[in-house]
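One structure is given below, encoded as structure tokens.
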Amino acid sequence: MASRADDLIDRRRLRRKLSFWRIATILILAGVVIAGARFLSADGEFTSGPISHIAKVKIEGTITEDDELLERLDDIRKADAVKGVILNIDSPGGTTAGGEAIYEEIRRLAEKKPVVAQVGTLAASAGYMIASASDHIVARQSSIVGSIGVLVQFPDVTGLMDKLGIKLEEVKSSPLKAEPSPFNPTTDEERAMMRRMILDSYDWFVDLVTERRGMPRDEVLRLADGSIFTGRQALTNKLIDELGGEREAVAWLGTKGVDADLLVVEWKKKEEDGWFSLFSSRAGLTGRESLSETVRVLLGEVGGEHLFLDGLLSLWHPADTSPAR
């Protein structure tokens, strides 16, 4: 009887040990899976990790002064694991100030790590401004590049006000205060004021391209008439350095001492919790936006986000040539 009791006790001990190691193995495997998932998703958890890699950042859509993007670029600059950076740009431009802010952050980043811009479908206006902040620009043969320039757009609704019988009364300190206004016809003095402001920003943009592309200013001025170019034309005009895609971008990083065999990891914007429908998730809505912000985002989905941009614009979009009805 004593022998059977001892056997039973030994079996129970063995079962407890097996259970312990089974649980330990499951926990270890779970930890490996979670770590692998974070690594592959590069959602920001991995960014401070020790594994060397090439960081990829997508800059898409209309450009504004994006605090989250600026912070992400700064985090990449500080991350020792990042050995090189690929900027994947697909943008028609946006606000000039927004492009300037991102440009300056990319230049800070380029002081510590080699940065290459890979143009997708489009890098125009402020999109090209951002690309020029990199050390090397790669574009597809059929990419759209250029549209170097600045503009201001404002509506004139005075004709509509006349039809509706609406008049605007105002008292202001000087004639140019709050002008140009959609509620008053634009005067020559107001147009001259706006033109001086636009040309000042235009000169700054031209000087920026002249410096970054190493071209004579006269040559840049010849190209900076708002024209857009295919990737092949842009290469001929020295606005880009090479034709290709990510493979060529990685190869260029290899010439700067970056191991071309390193994994390319996209540093993505962290997703916020909130209500999501299929459309709002695609549009990037979190459910915390105000009504005006929601309208702005949804308009962005159909290409109308430029209607709400403030300030000077460095933006390219095809003109509406449909006949009036």
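Just so it is clear, the structure is predicted and the values come from calculations on it, not from any experiment.
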Identify the heavy atoms of A126 and G99 that sit nearest to each other, and give their distance. CB-CA, 4.3 Å
Decide whether F205 and V145 are clustered together by the hydrophobic rule: side chain heavy atoms of Ile, Leu, Val, Met, Phe, Trp, Tyr closer than 4.5 Å, transitively. yes
Salt bridge (charged side-chain N to carboxylate O under 4.0 Å, His left out): pairs with one or both residues in residues 223-245, sequence neighbours excluded: R213-D241
Which heavy atom in I148 sits nearest to a heavy atom in Y202, and how many Å separate them? O-CE1, 4.1 Å
Closest non-hydrogen atom pair, P114 against L253: O-CD2, 3.7 Å
With distance as the sole criterion, is a donor-acceptor pair present between the side chains of N88 and E266 under 3.5 Å? no
With rounding to the nearest 0.5 angstrom, report the OG1 to CG distance, T121 to D90. 4.5 Å
Given the rule that I, L, V, M, F, W and Y join up when any side-chain heavy atoms are under 4.5 Å apart, are W252 and I137 in one cluster? no
Polar side-chain atom of H53 near backbone of I51 as donor-acceptor pair, under 3.5 Å: yes
Consider only side-chain heavy atoms of I, L, V, M, F, W and Y, link residues closer than 4.5 Å, and tell whether W267 and V258 are in one cluster. no
Start with the C-alpha distance between D207 and R217, add both sets of side-chain angles, then the distance that settles salt bridge (Lys or Arg N to Asp or Glu O under 4.0 Å), and finish with yes or no. CA-CA 7 Å; D207 289 342; R217 196 173 193 276; 2.6 Å; yes
Test side chain to side chain contact (heavy atoms under 4.5 Å, CB included) on E248 and V116; report intermediate values, then the result. CA-CA 10 Å; E248 287 72 21; V116 56; over 6 Å; no
So for atom CD, which belongs to E71, do other residues, nucleotides or ligands contribute more than 12 heavy atoms lying within a distance under 6.0 Å? no
Separation between NZ of K112 and CD1 of I76, rounded to the nearest 0.5 Å: 12.5 Å
So, the side chain of K58 versus the backbone of K268: is there a donor-acceptor pair under 3.5 Å, distance only? no
Within the structure provided, determine whether T62 and S91 are in side-chain contact (heavy-atom separation under 4.5 Å). no
Check for a donor-acceptor pair, side chain of D200 on one end and backbone N or O of R196 on the other, with a separation under 3.5 Å. no
Report yes if some heavy atom in the side chain of D259 is under 4.5 Å from a heavy atom in the side chain of K83; otherwise report no. no
Worked verdict on N184 versus E170 for side-chain hydrogen bond (donor to acceptor under 3.5 Å, both in side chains): CA-CA 11 Å; N184 296 311; E170 62 182 3; 3.1 Å; yes
Please examine the side chains of Q233 and T230, heavy atoms only from C-beta on, and report whether any two atoms are closer than 4.5 Å. yes
For S147 and S125, test the side chains for any donor-to-acceptor distance below 3.5 angstrom and give the result as yes or no. yes
Can you check whether M129's main-chain N or O pairs, donor with acceptor, with S132's side chain at less than 3.5 Å? yes
Chi angles and distances behind the salt bridge (Lys or Arg N to Asp or Glu O under 4.0 Å) call for R108, E111: CA-CA 5 Å; R108 289 182 68 229; E111 291 176 1; over 6 Å; no
What heavy-atom pair brings I63 and G98 nearest, and what distance separates the two atoms? CG2-C, 3.8 Å
Could you see if L262 belongs to whatever hydrophobic cluster contains V85? Use Ile, Leu, Val, Met, Phe, Trp, Tyr and a side-chain cutoff under 4.5 Å. no
S143 side chain to G120 backbone, donor-acceptor under 3.5 Å: yes
Is there side-chain contact between T186 and D156, with at least one heavy-atom pair below 4.5 Å? no
CG-CG distance between L109 and L87, expressed to the nearest 0.5 angstrom: 7.0 Å
Selection residues 177-186 - residue pairs positive for salt bridge (charged side-chain N to carboxylate O under 4.0 Å, His left out), sequence neighbours left out: K172-E179
Side chain to side chain, R140 and V119, heavy atoms closer than 4.5 Å: no
Working to the nearest 0.5 Å, report the span between NZ of K163 and OG1 of T158. 11.0 Å
Is there a side chain to side chain contact (heavy atoms under 4.5 Å, CB included) between I240 and V138 once you walk through the steps? CA-CA 6 Å; I240 67 170; V138 179; over 6 Å; no
First locate atom CG of L164, then atom CE of M161, and finally report the distance between them rounded to the nearest 0.5 Å. 9.0 Å
Test: salt bridge (charged side-chain N to carboxylate O under 4.0 Å, His left out). Region: residues 141-154. Which pairs qualify, not counting sequence neighbours? none
If I take atom CD from residue Q118 and atom NE2 from residue H136, how far apart are they, to the nearest 0.5 angstrom? 11.0 Å
Looking only at heavy atoms, which two atoms of I106 and L73 are closest? And how far apart? CG1-CD1, 4.1 Å
Report the C-alpha separation of F229 and L239 in whole Å, then their side-chain angles, then the decisive distance to 0.1 Å, and conclude whether the side chain to side chain contact (heavy atoms under 4.5 Å, CB included) test is met. CA-CA 9 Å; F229 308 94; L239 293 177; 3.7 Å; yes
Between R212 and Y103, does the side chain to side chain contact (heavy atoms under 4.5 Å, CB included) criterion hold? Intermediate values first, please. CA-CA 11 Å; R212 295 301 307 149; Y103 171 91; 3.2 Å; yes
Regarding D66 and T64, is there a side-chain donor-to-acceptor distance under 3.5 Å anywhere? no
Side-chain (E105) to main-chain (I102) donor-acceptor, under 3.5 angstrom: no
Sub-3.5 Å donor-acceptor pair from the side chain of T210 to the main-chain atoms of V206, do we have one? yes
Between M193 and P180, the two heavy atoms sitting closest are CE-CD, 4.3 Å
Between D188 and R191 (salt bridge meaning N to carboxylate O under 4.0 Å), is one present in this structure? yes
4.5 Å side-chain heavy-atom contact, L69 and V57: yes
Cationic N near anionic O, under 4.0 Å, D74 to K78: yes
Check whether any side-chain N or O of K113 sits under 3.5 Å from a backbone N or O of A79 as a donor-acceptor pair, and report yes or no. yes
Could you state whether F183 and L176 fall into the same hydrophobic cluster, counting links through intermediate Ile, Leu, Val, Met, Phe, Trp or Tyr residues with side-chain heavy atoms under 4.5 angstrom apart? no
More than 12 heavy atoms of other groups within 6.0 Å of E219 CD: yes
Any ion pair linking R107 and E104 (charged N to carboxylate O, less than 4.0 Å)? no
Can you check whether I130 reaches I89 side chain to side chain, under 4.5 Å on heavy atoms? yes
